[in-house]
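Written below as structure tokens is the structure these notes are about.
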Protein chains: 2
Amino acid sequence: MVKSKNTEEKILDSAREIFMMKGFEGARMQEIADHAGINKALLHYYFRSKEKLFASIFNKILSQIGPAMLTFINEEIPLEVKIWKFVDSYLELMKKFPRMPLFIINEISINPERIIGHLNFSDFLDLRKLEKILHDEHGKGRIIAVDVKHFIVNIIGLTVFPLAAKIIIQRNLQIQNDEWHQFIEERKKVIPETIMGWLKNMD
Amino acid sequence: MVKSKNTEEKILDSAREIFMMKGFEGARMQEIADHAGINKALLHYYFRSKEKLFASIFNKILSQIGPAMLTFINEEIPLEVKIWKFVDSYLELMKKFPRMPLFIINEISINPERIIGHLNFSDFLDLRKLEKILHDEHGKGRIIAVDVKHFIVNIIGLTVFPLAAKIIIQRNLQIQNDEWHQFIEERKKVIPETIMGWLKNMD
DNA sequence: ATTTGATTTAACTAAACGGTCAAAATTAGA
DNA sequence: TCTAATTTTGACCGTTTAGTTAAATCAAAT
């Protein structure tokens, strides 16, 4: 006999929702149970502790991020298109779960021990390969020489920051809720332009 | 008769330390008291509640950020230098409190109501003025036409993200603790280069 | 229909937490 | 030195929290 798939899924969905909204410390098992429409005891019946429940949803989330951005690097397409594909797939993924980036960064920063082993994007982001691509492009005189670390931090920073700091940006740049989607769409153009402008800035 | 300045300062320092490390929900009044070397009752004697103590350090922190980055915009210096000055002053300020950016973004995102009124960088960042600068530079044919919103998000994203995601970046790009300082120094060059490359990318 | 195992519930526990209180200690002015 | 206000403390309180337990319900197989 299998534990009702429905109940387990309802729990995981609710846990993700509440944990993302309040963080590990701020989340309450009672609130997760309420949100799932079940008893608190049943919550502990499925996932023995808050820590284990958190680990379940956290692993699930992390395992979804990688593959969603994996594809672009191996395809035989121009560098600019690779960047666009990365930004596009990342921003599309985050439309469903806007709080995900900030949630992940924060929980890892506050409690790195809990995470060890889970998060290495080396699984889906081959540093050496990327380094080779940049090196080759530079060899062909197409781009300036850049450090792959700054290349990655630049792209991810430009992409992730506006999502993580959404509320602050909305408040200060006065972007209404209905304009936010448009702003994110614009970034799909702006980010590749920014990176390529940098790479091609050959004075 | 004045409340011992020493004790109040010790409390505020400890509170900032603990709150930044664990967040509002994760922080414990007992831990803050221990860190300050005082009794928990004394903590409540100085700051009546956890909320009020948190508000005190949060306001203090926010009021320090603005002015530290204020100066650059009004000076009669080239745009690139303005950007460099902003990045430099921001990164220097964050050397003392590396967890500050993530802390601020997270607490505001989780509980925006608590913050209302505190955070508007419109006090020190005049959007219209910046817009005029970009417009004039474009008029002189020096840069492409860009949206000031993306200009700001780009600069802040490139600057703040590596600080906020420090642990994740260190793990994945294999930057040791003693190399981190060097990496941040490098970003003072990379960020202005990235932005200016973008702005001057006139095909 | 009865049995067996999985699922769900209400009621409970122990510990941790923010906060209070009254008394003790300290400080500063008269 | 004495007094009065401020500062500091240990002991305490009520609530909230994650987690447990034992009984009840349900579903499927015999």
Side-chain angles (χ1 to χ4, degrees), chain A residues 1-61 103 106-108 110-111 113-115, chain B residues 1-61 103 106-108 110-111 113-115:
Chain A
M1 191 168 280
V2 194
K3 289 176 183 176
S4 159
K5 193 104 195 175
N6 224 342
T7 301
E8 190 169 328
E9 257 173 31
K10 271 196 301 184
I11 292 176
L12 285 171
D13 285 351
S14 299
R16 192 198 53 227
E17 176 86 12
I18 305 296
F19 276 131
M20 275 198 189
M21 216 157 62
K22 310 265 179 98
F24 176 80
E25 288 286 351
R28 301 285 169 245
M29 292 298 268
Q30 185 63 59
E31 194 179 357
I32 294 172
D34 290 348
H35 190 278
I38 59 164
N39 198 289
K40 198 180 56 161
L42 190 57
L43 193 56
H44 280 90
Y45 173 74
Y46 276 86
F47 302 87
R48 277 213 279 274
S49 69
K50 191 182 181 183
E51 294 263 0
K52 289 205 169 100
L53 177 57
F54 182 84
S56 294
I57 67 117
F58 206 80
N59 289 347
K60 207 177 162 195
I61 287 173
F103 170 71
N106 197 250
E107 294 300 331
I108 291 177
I110 285 181
N111 198 342
E113 302 79 27
R114 189 162 46 200
I115 317 297
Chain B
M1 190 167 285
V2 195
K3 290 177 185 177
S4 159
K5 193 103 194 178
N6 224 342
T7 301
E8 190 170 328
E9 258 173 30
K10 270 197 300 184
I11 291 176
L12 284 171
D13 285 350
S14 300
R16 192 197 52 226
E17 177 86 13
I18 305 297
F19 275 132
M20 276 197 188
M21 215 157 63
K22 309 263 180 102
F24 177 81
E25 289 285 352
R28 301 286 167 246
M29 292 298 269
Q30 185 64 60
E31 193 179 356
I32 294 172
D34 290 348
H35 189 278
I38 59 164
N39 197 288
K40 198 179 59 163
L42 189 57
L43 192 56
H44 280 90
Y45 173 73
Y46 276 86
F47 301 87
R48 276 212 280 273
S49 69
K50 192 182 181 184
E51 295 262 0
K52 288 203 169 104
L53 176 58
F54 182 84
S56 294
I57 67 118
F58 207 80
N59 289 347
K60 207 178 162 195
I61 286 173
F103 170 70
N106 197 250
E107 293 301 331
I108 291 177
I110 284 181
N111 198 343
E113 301 79 27
R114 189 162 46 200
I115 316 299

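In what follows, chains carry the letters A, B, and so on, assigned in the order in which the sequence lines appear, proteins first and then strands, with residues in each chain numbered from 1. Only heavy atoms go into these numbers, but all of them, side chains included; no hydrogens, no water, no symmetry mates.
Screening residues 40-60 of chain B for salt bridge (charged side-chain N to carboxylate O under 4.0 Å, His left out) gives B/Glu51-B/Arg114 as the qualifying pairs, with residues at least two apart or on separate chains.
The distance between atom NE2 of B/His44 and atom P of C/dC17, rounded to the nearest whole Å, is 13 Å. Rounding to whole angstrom units, CD1 of residue B/Ile32 and P of C/dG19 are separated by 11 Å. A/Arg28 places its CZ atom 11 Å from the P atom of C/dC17, with the value rounded to the nearest Å. In this structure, A/Arg48 atom CZ and D/dT21 atom C1' are separated by 16 Å, rounded to whole Å. Rounded to an integer number of Å, the gap from A/Asn6 CG to C/dT8 C1' is 14 Å. In this structure, B/Phe47 atom CZ and D/dT7 atom P are separated by 12 Å, rounded to whole Å. Between the P atom of C/dC12 and the CE atom of A/Met29 lies a distance of 21 Å, rounded to the nearest Å. Taking atom NZ of residue B/Lys52 and atom P of nucleotide C/dT20, one finds them 9 Å apart after rounding to whole Å.
Side-chain nitrogen and oxygen atoms of B/Thr7 include none within less than 4.0 Å of the OP1 or OP2 phosphate oxygen of D/dT7.
Taking the six-membered ring for Trp, A/Phe54 and A/Phe47 have ring centres at least 6.0 Å apart.
B/Leu12 approaches B/Ser56 most closely through the heavy-atom pair CD2-CB, 4.1 Å.
Using a 4.5 Å heavy-atom threshold, the side chains of B/Ile38 and B/Tyr46 count as separate. The shortest distance between side-chain heavy atoms of A/Phe58 and A/Ile108 falls below 4.5 Å.
To the nearest 0.5 Å, the span separating CD on A/Glu8 from CG on A/Asp13 amounts to 11.0 Å.
When distances are taken from the side chain of A/Tyr46 to each of C/dG19, C/dT7, D/dT8, the shortest belongs to C/dT7.
Among the atoms of the strands shown, only primed sugar atoms or phosphate atoms (P, OP1, OP2) are found under 4.0 Å from some heavy atom of B/Ala27.
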Please enumerate all protein N or O atoms sitting under 3.5 Å from an N or O of nucleotides 9-14 of chain D, with distances to 0.1 Å.
{"unit_1": "D/dT9", "atom_1": "OP2", "unit_2": "B/Asn39", "atom_2": "N", "d": "3.4"}
{"unit_1": "D/dG10", "atom_1": "OP2", "unit_2": "B/Asn39", "atom_2": "ND2", "d": "3.3"}
{"unit_1": "D/dG10", "atom_1": "N7", "unit_2": "B/Asn39", "atom_2": "ND2", "d": "3.2"}

Could you go step by step and tell me if A/Glu107 and A/Asn111 meet the side-chain hydrogen bond (donor to acceptor under 3.5 Å, both in side chains) rule? CA-CA 6 Å; A/Glu107 294 300 331; A/Asn111 198 342; over 6 Å; no
